[in-house]
Amino acid sequence: MTRLSLVMLVVALLTPLVSAAADSAMMLTSRFAVKGDGEVNTYIFDDGETVIVVDTQRLESLAADVADIVGDRADRVAGVLITHPHPDHVSGINVLRRAFGAPIIGSRATADELANDTMGYLALTRELYPDDSSAEPLTIDQVVADGETLTLGGFTFEIHELGHGESVTMTLYYEASRRMLIAGDLFAVGHTPFLLDGHVLDWIRQLDWLAETFDADVMVYPGHGEPGALGDLVPAQRTYLEDFVSLVAAANTDRVLSHKERQTIVDTMNERYPDHPPVAAIPDLLELNMEAVDAELKARGNQ
Ligand SMILES: [Zn+2]
């Protein structure tokens, strides 16, 4: 796929948020994504004084496009928040650090995975896109931890660090006064999710925790797909994951997933969830997800 064939999607919404100080609550929210397989969100939140950027895209060229959109607001960027260390969210770290001169902010677990690449995803991405990946290491400048409060200009974020689920870790950033939750890949809205980390059961529990912890009207900004109310997004994501786990578990009572059973699961998911492009440009993501869930269920002795 050439750069020219990519369709850039930039959604700019002026989001009026109700608060005691209505004027200061106005915020320009932009979502940058590239349509198609592997579409991933970068958000730009701008309250008129402070700009916050979330995640950095899969390729350095796409991060450069994000920097172009921020444009002459670069000196108002107070920080680049990283949700987790998967390559589609971190590959542009060095481009955006240079463009904005602002700190790259993330958790210790994210910093460690960037350093150690225990899953091998960063090496794989460099191998696939040698001319569009950073030759320099990807690093975090400012480490945040669970329970901390992070203030960046007019934004105050509560940090919630979740353990292994969709990724080795997931850092959530909750802005209480604006009732907004940056949730990373806890949500792949309208997409086939990435289950290869092998912790889908933990992911489902994290969604339950989310529903217990935050109100249904909190606006969720997902790593993939369109933002939406937590009360809509949690049940939808949970249902998708549970459907998939149930299908794999049911097909696997004899401990073997036959070719026919695999095909039936793919067909069933495609029927129940049509037009769900994969979150990563990985051929046969559904089949790989199946292997991962199968292995996880066997490892946990659930069959
Ligand atoms: Zn992702």
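Along the sequence shown, residues carry numbers from 1. Atoms within a ligand are numbered from 1 in the order they appear, just like the ligands themselves.
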task = Go through the steps for Asp208 and Arg238 under the test salt bridge (Lys or Arg N to Asp or Glu O under 4.0 Å), then give the verdict.
result = CA-CA 8 Å; Asp208 291 339; Arg238 202 181 188 292; 2.5 Å; yes

query = Does CG belonging to Asp275 count more than 12 external heavy atoms closer than 6.0 Å?
reply =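 Atom CG in Asp275 is not packed in, count stays at 12 or less.
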
From the N, O or S atoms in [X], identify the one nearest to the Zn ion (ligand 1).
| X | value |
| --- | --- |
| Asp185 | OD2 |
| Asp88 | OD2 |
| His89 | NE2 |

key: N/O/S from His224 sitting under 2.8 Å away from the Zn ion (ligand 1)   =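 Checking His224: at least one N, O or S atom is under 2.8 Å.
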
query = Is it the case that Arg178 places NZ or CZ above or below the six-membered ring of Phe155, under 6.0 angstrom from the centre and within 45 degrees of the axis?
reply = yes

key: Check against salt bridge (Lys or Arg N to Asp or Glu O under 4.0 Å), Arg205 and Glu242   = CA-CA 11 Å; Arg205 275 193 284 277; Glu242 287 217 314; over 6 Å; no

